[in-house]
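One structure is given here, and the rest of the page talks about it.
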There are 2 protein chains.
Amino acid sequence: MERVTIYQVAEAAGVSVATVSRALNGGPVAPETRTRVLAAVRRLGYRPDRLAQGLATGKSRTVGVVIPDAAGPLYGQMQRGLADVLAAAGFGYIATESRRDPGREAALLDEMLARKVEALVLVGSGLPPEALKARFGKLPPVVLIEREGGEAGVPTFQIDNERGAYRATRHLIEAGHRRIAHVRGLRRAGREREAGYRRALAEAGLAPGPVVAGDFSEEGGYRAARELLAAGGFTAVFVANDRMALGVYRAAFEGGLRIPDDLSVVGFDNLPFAAYLNPPLTTLEQPAQRLGALAGEAVLALVGGRPITGQVLPCGLKARASVKHIEGGTV
Amino acid sequence: MERVTIYQVAEAAGVSVATVSRALNGGPVAPETRTRVLAAVRRLGYRPDRLAQGLATGKSRTVGVVIPDAAGPLYGQMQRGLADVLAAAGFGYIATESRRDPGREAALLDEMLARKVEALVLVGSGLPPEALKARFGKLPPVVLIEREGGEAGVPTFQIDNERGAYRATRHLIEAGHRRIAHVRGLRRAGREREAGYRRALAEAGLAPGPVVAGDFSEEGGYRAARELLAAGGFTAVFVANDRMALGVYRAAFEGGLRIPDDLSVVGFDNLPFAAYLNPPLTTLEQPAQRLGALAGEAVLALVGGRPITGQVLPCGLKARASVKHIEGGTV
DNA sequence: CTGGGCGATGTAAGCGGTTACATCGCCATG
DNA sequence: CATGGCGATGTAACCGCTTACATCGCCCAG
C-alpha cells in the first residue's frame, strides 16, 4: 500500500510540509498557496494518517463507548444518536461490551486509554467512577448514560424512569384501577420504575398491589406473572419493560384471562413489537436516540473544554388497547 | 496526563528502550532482564501507546466494521461474536452505520482507512467490492457478512436463507398445507427466502400461493397480510421475518382469523419475542453470534496472512404453535 | 592463544504528522 | 533611506514506539 504522505504533497505543490499541514488545518497560508496545496492533495489522493496525527497532537479524535450489553433493543438507537453527532465532528468511536463483568470492563478501559480516547461514554451499570479513578488515575472526560455516580463535571444523561413509571401507574389509576400489581425490573432502572409506581399509588391513597421481581426477560415476566396471578387481587399490572410484558401476556392467556378485559397491562420501552401485540401494548417510549445524541454533544463540549451538565429526559406514554377503563372488579 | 513512556521504563529498569520493547513483544531478551523490565512496567503503570505503535509498525490492531443498520435485532448478537474473538486477539474495532447510503458508506471507509484499519468487515448490503476497489485502490483484507460480491480471497459468511426458507415452507407442506402464501422481504435476504419458498413448493408440485411484497417491518407485514387476506385462497403463510409476522398476526386477528386454526404462520429470525407471541411463532433461528465469531476468525486469519474461505451457516427451525396440521381447507 | 560465532543489548533512524522558531520579503513609518 | 513589523513560508525537533544494524562479551574450536 503505497501511502501518500504529506511529503509527497509538499513536493507536488512546491511547498514545505509545514505549509501543507497549515493549509489543511486552517493555519495562516496565502489563499493562492492553499488552493495549490488542496489541488495536489486531491490529485494525489492524500489522506492524513490519523495515527500519526494522533501521535503528534496527543489527540486521537476517538471516543470510547462502554456498554454492558449491546444486544439491548434500545442500544442500537442510542448508538445511532451518539455516532451521528460524533461523526459529524470528525470523531470516531470504539465501542465494546462489558457484559457487566468488572474485570472485563477494566480491561476494556485500559485498551481504550491505550488508544488515547479523548473521552469516555459509559453506558448503564458498571464500575463506579471512584473505582475507575483509583484504578486508572487521570481519565479523559467522562459522560455517563443511564449510570450512577456522576459527580460534578461528569454530565449524566438518563431517562426519567421514576416519572415514566409514575405516569404509567397514574394512567392505570385514572382508568379506574385500584389494585395495581407490579413486575419489577433489575438494577437502577428497575428500582426507579418501582419507585415511580409506588409514588403514584401512595399519592392516590392506594396500597401497592402485589409486587414481584422480574429480570427484564420474556421468561422472567412470564414467571412473575404466574406468581402474581396465583395470588390474584388486582385488575392491572405495571410491568417494568415490554419484554416482560410479553411474558405477562402469555401467562394471562394461559390463565384464561383476557387483556384488557380481565387484566390491564402497561409496559415500558415501546419496543417495535409493542404496537402490534394483541392487544397493542400501552407503554412508555424512551427517547434513546436523543439520549445518545445529547451524550455525543456533551462529549464534544467536554473535549472542547466547555463545561456541560447532564439531563434527565422524560418519556412519553403511548396509550394503546391493553388498558381498560373500569368501574370496579378484581381478578 | 503525565504519560509514562518507554523511556521512563528503560531508565527505571536500567536498560535501553529497545530492550524494553523487546521484552514486551517477545524479542530475544535474557530472562533476568525481562523480569526486571516487566517489574518496572508494573511499578510505573506503563501502558504502550497504540497510536505510536501503530505509526511505527504500520499496524493499528484495529478492524473496521460497516453495517447498514445497527438497530437490527440480530446485529447485536453478531457484533458480540465478532467483538469477542477480536478482543481476545488484542484487536479493537470501530463500527459505523452506513444507513444504506453509498456516499456515507464511502466516507466511513475513508475514515477507517485513515485510521489504518487492518481489515474491513462489511455487513449487509452496500457498495459492491469493485466500486470500493475503484474508489480506494488497495484495500486491507475484507470479510463479508451477508453481503454479495465476494470474489476469490474475500471470505463471505452468510446465513443459508434459501435453505431456511425451504425448510420453513416444507414444514408447512408436511403439515398438510397445499396453498401457502408468502410475504416477501427486501434485498438479498428477501430474494433468497422467496427462492427457498418457491423451490419447496415446486418440489412438492404445488403452485406458489399469493406472494406479496413487504419491507421487513411490522407495519409492512400488516399491510401485506391485509392484501393477502383480501385475496384469500391459502391456509398458511411463510413470512420473510418475524417482525412482519407480527403484522400478519395483527391483520389476521382483525380479520377474525385464528392462528393457527384458520391460518398457519411461519416467520424467520427467531427474535426473542417469537416464543412468547400468542400463539408462539414457528420460525427459523439464525446463528448470528456464530456468524460474527466466524467473521472475526476470518479477519484474524487474513491479517495473519493465512487464506480462509467463507461459510454458509444453516438455520434451525423452531417449531411452535403457529402451524396447524390439517387435512384440507382454505381461508 | 586467537578468531569466529552467537546471544544480549545499545544506538539511532524512521513512521507521518504538528508546530515552535527562524527566515524572508515587503510595506509603512520616522 | 534605514528600520520595524507583519504575514507567509521553511527548518527541524518532537510525539512514543519499533527495528535494522552495530557493539560487546563470552565461549569454543582450531
Side-chain angles (χ1 to χ4, degrees), chain A residues 1-38 40-41 44-62 90 92 110-111 113-118 140, chain B residues 1-38 40-41 44-62 90 92 110-111 113-118 140:
Chain A
M1 229 174 293
E2 15 53 55
R3 270 194 78 71
V4 181
T5 74
I6 200 172
Y7 287 89
Q8 332 215 20
V9 174
E11 184 170 359
V15 296
S16 72
V17 294
T19 300
V20 174
S21 177
R22 281 189 285 255
L24 255 24
N25 302 312
V29 180
E32 191 274 336
T33 309
R34 164 164 290 130
T35 44
R36 196 144 40 87
V37 169
L38 294 182
V41 163
L44 269 46
Y46 169 72
R47 177 192 308 128
D49 182 324
R50 297 283 185 213
L51 264 39
Q53 279 185 319
L55 216 217
T57 60
K59 270 100 186 22
S60 62
R61 298 195 80 69
T62 304
D110 225 35
E111 180 64 26
L113 293 180
R115 286 171 191 271
K116 280 219 190 75
V117 295
E118 294 190 54
Chain B
M1 235 176 289
E2 16 53 55
R3 271 194 77 71
V4 181
T5 74
I6 202 173
Y7 285 90
Q8 331 215 19
V9 175
E11 185 172 357
V15 296
S16 73
V17 294
T19 299
V20 174
S21 176
R22 280 189 285 254
L24 255 25
N25 302 313
V29 181
E32 191 275 338
T33 310
R34 164 164 290 133
T35 44
R36 197 144 39 88
V37 169
L38 294 182
V41 164
L44 269 46
Y46 169 71
R47 179 193 305 128
D49 181 323
R50 297 282 185 214
L51 265 39
Q53 280 185 319
L55 181 55
T57 59
K59 268 96 187 23
S60 62
R61 298 196 78 69
T62 304
D110 224 35
E111 181 63 25
L113 293 180
R115 286 172 191 272
K116 281 217 188 74
V117 294
E118 293 189 54

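The sequence lines fix the lettering, A, B, ..., with proteins before strands; numbering per chain opens at 1. Being a predicted model, the structure only gives us computed values, none of them experimental.
In this structure, A:Leu113 places its CG atom 15 Å from P of D:dG16, rounding to the nearest Å. At whole-Å resolution of the value, CG in A:Leu55 and C1' in C:dT19 are 14 Å apart. Put simply, CZ on A:Arg115 is 16 Å from C1' on D:dG16, counting in whole angstrom units. Put simply, CZ on A:Arg22 is 8 Å from P on D:dG10, counting in whole angstrom units. Taking atom CD1 on B:Ile6 and atom C1' on C:dC15, their separation rounds to 15 Å, with Å as the unit. We find that CG of A:Leu51 is positioned 13 Å from P of C:dT18, with the value rounded to whole Å. For the pair A:Leu24 CG and C:dG16 P, the computed distance is 16 Å after rounding to whole Å. Rounded to a whole Å, the CZ atom of A:Arg36 is 11 Å from the C1' atom of D:dT9.
Within the nucleic acid shown, B:Thr5 comes within 4.0 Å of sugar-phosphate atoms alone, with no base atom in reach, counting heavy atoms only.
The CD1 atom of B:Ile6 sits 8.5 Å away from atom CD of B:Gln53, with the distance rounded to the nearest 0.5 Å. The structure places CG of A:Leu51 at 12.0 Å from NZ of B:Lys59, a figure rounded to the nearest 0.5 Å.
The side chain of A:Tyr46 has C:dG17 as its nearest neighbour among C:dG16, D:dT9, C:dG17. Closest to the A:Gln53 side chain, of the nucleotides C:dT18, C:dT9, D:dC17, is C:dT18. Of the candidate nucleotides C:dG16, D:dC17, C:dA8, C:dA8 has the atom nearest to the side chain of B:Ala30. In this structure, the nucleotide among D:dA8, C:dC15, C:dG17 sitting nearest to the side chain of A:Thr33 is D:dA8. In this structure, of D:dT19, D:dT9, C:dT9, it is D:dT9 that holds the atom nearest to the side chain of A:Pro28.
Here the closest heavy-atom approach between residue B:Ala10 and residue B:Val17 is recorded as CB-N, 3.7 Å. The shortest heavy-atom contact between A:Pro140 and A:Leu113 is CD-CD2, 3.6 Å. Listed here is the closest heavy atom pair of A:Arg61 and A:Gly90: NE-O, 3.5 Å.
Of the two residues near DNA chain D, A:Arg34 and A:Tyr7, the one whose nearest nucleotide lies more 5' is A:Arg34.
At least one side-chain nitrogen or oxygen of A:Thr19 sits closer than 4.0 Å to the OP1 or OP2 atom of D:dG10. Contact between the side-chain N/O atoms of B:Thr57 and the OP1/OP2 oxygens of D:dT18 is not found at any separation under 4.0 Å.
One end of the helix from C:dC1-D:dG30 to C:dG30-D:dC1 points its axis 70° away from the other end's axis, with each axis taken from 5 pairs and the angle rounded to 10°.
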Check nucleotides 22-27 of chain D for protein N or O atoms closer than 3.5 Å to its own N or O atoms and list the pairs.
none

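Every side chain to side chain contact (heavy atoms under 4.5 Å, CB included) that B:Ala114 has, sequence neighbours left out, goes to A:Arg47, A:Arg50. When the side chain to side chain donor-acceptor pair (under 3.5 Å) test is applied to A:Ser21, the partners found at least two apart in sequence or on another chain are A:Asn25. Partners of A:Ser16 according to the side chain to side chain contact (heavy atoms under 4.5 Å, CB included) rule, which considers only residues two or more places apart in sequence or in another chain, are A:Ala18, A:Thr19. Applying the side chain to side chain contact (heavy atoms under 4.5 Å, CB included) criterion to B:Val41, with sequence neighbours excluded, gives B:Val9, B:Leu24, B:Val37, B:Tyr46.
Within the structure, salt bridge (Lys or Arg N to Asp or Glu O under 4.0 Å) contacts touching residues 12-32 of chain B (residues at least two apart or in different chains) are B:Glu32-B:Arg36.
Taken residue by residue, residues 9-18 of chain A places heavy atoms nearer than 4.0 Å to DNA chain C at A:Ala18.
Looking at A:Arg50, its side chain has no donor and acceptor atom pair within 3.5 Å of the base of C:dG16.
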